[in-house]
Structure formats: C-alpha cells, structure tokens
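Computed from a predicted structure; not experimentally measured. Numbering starts at 1 and runs along the sequence shown.
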Amino acid sequence: MEPGMTPAHSPTHNPAQTIDIIGAGPTGLMAAEQLSASGHHVHLYDAMPSVGRKFLMAGRSGLNLTHAEPLDHFLTRYGTAQSWLEPAIRAFPPEALRAWAEELGQPCFTGSSGRVFPKTLKASPLLRAWLNRLTASGVSLHTRHRFTQCSAAGNHFSTPNGEHISQPAATLLALGGASWSRLGSDGAWSHLFPGTVTPFAPSNCGFVPAWSPEFQTRHDGTILHGIALTIEGHTRRGDLTVTQRGLEGSALYALSPILREQLAQHGQVTTTLDLRPTLTITQIEERLNAQRPRESLSNRLRKALSLDTLGRDLLRDATPKGATPTELARAIKALPLTLKATDTLDRAISTAGGLKHSAMNEHYMLHTHPGLFAAGEMLDWEAPTGGYLLQACFSTGLAAAKGITHWLESQDSAIRLTP
C-alpha cells in the first residue's frame, strides 16, 4: 500500500481465507478492514459485550487521533521502539489516518498544539461509521468470546454458551495492554507466551508525591496551572492535578518513562518544579519587591504571582521562614518535588512492556507460532499522549494485516510448487 492510501483501496490478489482477529479495539478493527477488503473471511472476536470500549473512553475528552508534526520528529516519540515501528508508521502515516477518518464522514482539524481531532471531538460517530463499513464488507463480529489459548486444534474461546474453537488459516492477536481492565485490556494473555513478554509497567500515569496525608487531602482537586517539570535535563510543561491518589497531568505523563526508571532504581525520585516558567528569577524578584512590605507573605505571592494556596503551601514548606525575595524567586523556579511511586497499573492511560519485538519477524508474525500475528498495544512499546498511541495502534494493525496476506500468499505459492 502506498502512503496515503486507505485500507479499503488495497488491491486483492490471493484466494479468500478465513482469518481470526482477536481483540476489537482500533488495532483489530483496522486489520479487519484491510483483510476483508482483500476478500478474506474475517471473524472478529472480543471478550467484552461491545467493541472499542477503550477507544470510546479515549474519546470522552476529545478523540486525539494523531499529531500533525513533521513525520521525522513524530517518529522519535517512540523512543527505543522507533526503529521497528517506523516502517509501519511510514506506510500508514498521520496524514493517511486523517484521510481515512474523513472518508468515514468524520472531517478532522488540527488544534493549536498540533493534535489532530475529528470535528465532532467524539469517538462514537467514527466507531459507528466504521462498524457499519465492516459489517457491509462481511466481517463477522463475535462478542463475549474470551480468548483462552491457541493449540493444534485452533483458537479456544470461553463464551456464555461454553467453549468455542475456531480453525482459521491465520490469526491476529490485538489484545491490548494491561490498563483499564474493566474496558477489556487486562494483560491476562501474557502467560500464554512465557519468555517472550516484557513485564507490564504503567505509562502516561499518575504518581504519588511524598506528601503527608493531611497535605494531600487539603489540596485534593487543586490544579497547578502552567507549570514545568524537569528531570535529567528533560522539561515538560502542563498542568498538575492533585487527587486523593496523588498527582496527574500531561507533564508527568510525558516524563513517565524516566520517572518510572528512577523509581525502580532508587525507590523515589525528585523532580524540579517551576511554578512560573514564563518568568525569569529577576522578573519574579522584581514583582515581589514591588509589593508593600507590610503585606503577609501569602498575600505578596498571591498578588505578585497569582500563586494559589497549593503553590504557596509548597513554597512555604521548601523555604526558610523569613526568606528573601531572591530566595523565594529561586525556589519558585526550582521547587523540589519528590515522588515515591507510580499510580496503579490499571489506572495508567497506557502501558509499557508486552510482547517483545524479538519474538516476531518483520511481518509481526511470532517466530514460534507460524500463522499467528500480533499488533497494537500488546507489543512492547510506549509513547506519550498526543495522538502517538492511537497512531501506532492503527499503523501496526494495518502492517500485521499486510503481513498475514504476505504469509498466506507464501503458503499458497509453496503448495503450488510442491510436486
């Protein structure tokens, strides 16, 4: 497929085969579209009563499909997985994903941050149109079918009516990671492939600060707006929200791989919090000095810098009583924030870990299981929020579908050449 082509435009050459796709999130749905457009009989299985549940959850705050930044920079967002994800993403890049959504009747726009959204900002209209297309193309959908194992007899499923066994020509696993298990991604499949799965870890997740329970309860629900977090030379800006569980926010999510690694090594990690990243130390000091000397410190910080109660309390705990404007300014620009744990795996937006790249060939087929392919978030990669997660799910789903077609054609050729 040429870059920019949507799945339904793919040519078809090989004779029809029956293919199982297990997992009906965006990865599995994209693969189903590609394979059905190639003339195959596609059976799409999902453990949940309805499909795309995590996809719909992602769309609640505005469905961020992908990102409009230059592709070469876009690809760096996948870190150590860039080298092996790159061919799939280049074959179905962000502009192709946007064109695909618009072909489904969902025009898109690019926000000021470069993130790409459907104009409706919702996942449900896109999912409805997508499912209608798949149904029209003959894809058979089987819900409440929980995959339990693959054996010589075929793919085994637990269903409300007992065990079901299918015997397809090829299978694609699109089983997701291990977060938001109530939506279907519980990582329970990992025990089926011993020795080939990197343990799951939370990514794009919240963190637990080293605060007293009283401090955290007092500020529950408070948002620190427009701050910057720095660790090991990496700085990210955004908001931080205090919850009963800890701290959440885009700046933490973006730094989660580094923070998680430091926590694993040292048990805790201290970041630098800049409460006013748009101001210099000198500018902050000048604003503080411009306040009336008789004002309380709390009022001076509120009036000069619009620091809310949480910001003032953090600053008070980090500076000595009677701190000078210079000392306060330096603390505002570099406030220590110690984190002692990640939030739970199940509450993470996404997960690191999963099926190792080394367990597959370049077509996403498992070395140990000919005819068995895997794609999406169940693979061992991670990326920040901003459209990168969904893009890789779509792109690897399409790449694995093309891998299935390639493998089936090679099998068919081998049969024809056998005397």
Trace of the side chain to side chain donor-acceptor pair (under 3.5 Å) decision for Ser179 with Thr351: CA-CA 6 Å; Ser179 62; Thr351 50; 5.0 Å; no
Can you sort out the partners of [X] under salt bridge (Lys or Arg N to Asp or Glu O under 4.0 Å), two or more places apart, ordered by chain and number?
{"X": "Arg146", "result": "Asp186"}
{"X": "Arg294", "result": "none"}
{"X": "Asp343", "result": "Arg245, Arg347"}

Closest heavy-atom pair and its distance - Phe55, Ala123: O-CB, 3.6 Å
Under 3.5 Å, is there a donor-acceptor pair between the [X] and [Y] side chains?
{"X": "Ser181", "Y": "Asp346", "answer": "yes"}
{"X": "Glu163", "Y": "Thr159", "answer": "no"}
{"X": "Thr18", "Y": "His43", "answer": "no"}
{"X": "Gln268", "Y": "Gln262", "answer": "no"}
{"X": "Thr272", "Y": "Thr230", "answer": "no"}

Derivation of the side-chain contact (heavy atoms from CB on, under 4.5 Å) call for Thr405 and Leu35: CA-CA 8 Å; Thr405 298; Leu35 289 163; 3.7 Å; yes
Note, [X] side chain near [Y] side chain (heavy atom, < 4.5 Å):
{"X": "Lys303", "Y": "Arg287", "result": "no"}
{"X": "Leu229", "Y": "Leu273", "result": "yes"}
{"X": "Leu252", "Y": "Leu247", "result": "yes"}
{"X": "Phe207", "Y": "Lys340", "result": "no"}

Salt bridge [X]-[Y], side-chain N to carboxylate O under 4.0 Å:
{"X": "Arg292", "Y": "Glu295", "result": "yes"}
{"X": "Asp380", "Y": "Lys356", "result": "no"}
{"X": "Glu103", "Y": "Arg133", "result": "yes"}
{"X": "Glu214", "Y": "Arg218", "result": "no"}
{"X": "Lys54", "Y": "Glu377", "result": "yes"}

Under a 3.5 Å distance rule, please check whether [X] uses its side chain to pair with a backbone N or O of [Y] as donor and acceptor.
{"X": "Thr27", "Y": "Cys393", "value": "yes"}
{"X": "Arg260", "Y": "Pro202", "value": "yes"}
{"X": "Thr135", "Y": "Asn132", "value": "no"}
{"X": "Gln216", "Y": "Pro213", "value": "no"}
{"X": "His406", "Y": "Ile404", "value": "no"}
{"X": "Asn64", "Y": "Val116", "value": "yes"}
{"X": "Ser395", "Y": "Phe92", "value": "yes"}
{"X": "Trp180", "Y": "Ala348", "value": "yes"}
{"X": "Arg276", "Y": "Ser306", "value": "yes"}
{"X": "Asp274", "Y": "Ile227", "value": "no"}

Aromatic ring pairing His67/Tyr388, orientation class (parallel under 30°, perpendicular over 60°, tilted between): parallel
Phe200 ring center within less than 6.0 Å of Trp189 ring center: yes
Ring centres under 6.0 angstrom apart (His142, Phe157): no
Trp130 vs Phe394, ring pair (Phe, Tyr, Trp, His ring centres under 6.0 Å): CA-CA, chis, key distance, verdict: CA-CA 13 Å; Trp130 198 1; Phe394 282 111; 5.7 Å; yes
Atom [atom1] of [X] with >12 non-hydrogen neighbours under 6.0 angstrom:
{"X": "Arg330", "atom1": "CZ", "result": "no"}
{"X": "Lys122", "atom1": "NZ", "result": "no"}
{"X": "Gln244", "atom1": "CD", "result": "no"}

Residue among Leu310, Val242, Leu240, Thr241 satisfying side chain to side chain contact (heavy atoms under 4.5 Å, CB included) with Ile223: Thr241
Positive for side chain to side chain contact (heavy atoms under 4.5 Å, CB included) with Leu339, one of Val208, Leu259, Ile231: Leu259
With sequence neighbours excluded, residues passing side-chain hydrogen bond (donor to acceptor under 3.5 Å, both in side chains) with Arg53: Ser50
Residue list, side-chain hydrogen bond (donor to acceptor under 3.5 Å, both in side chains) with His357, at least two apart or on another chain: none
Derivation and outcome, side chain to side chain donor-acceptor pair (under 3.5 Å), residues His41 and Gln17: CA-CA 6 Å; His41 306 300; Gln17 301 269 21; over 6 Å; no
Stepwise side chain to side chain donor-acceptor pair (under 3.5 Å) test for Trp100 and Glu33: CA-CA 11 Å; Trp100 168 85; Glu33 181 173 350; 3.1 Å; yes
Verdict with reasoning, Phe117 to Phe109, per ring pair (Phe, Tyr, Trp, His ring centres under 6.0 Å): CA-CA 6 Å; Phe117 303 87; Phe109 72 96; 5.6 Å; yes
Listed once per pair and sorted, the ring pair (Phe, Tyr, Trp, His ring centres under 6.0 Å) pairs that draw on residues 235-276, sequence neighbours left out: none
CA sep, side-chain torsions, deciding dist, call: Ser256, Asn204, side chain to side chain donor-acceptor pair (under 3.5 Å): CA-CA 6 Å; Ser256 61; Asn204 294 298; 4.7 Å; no
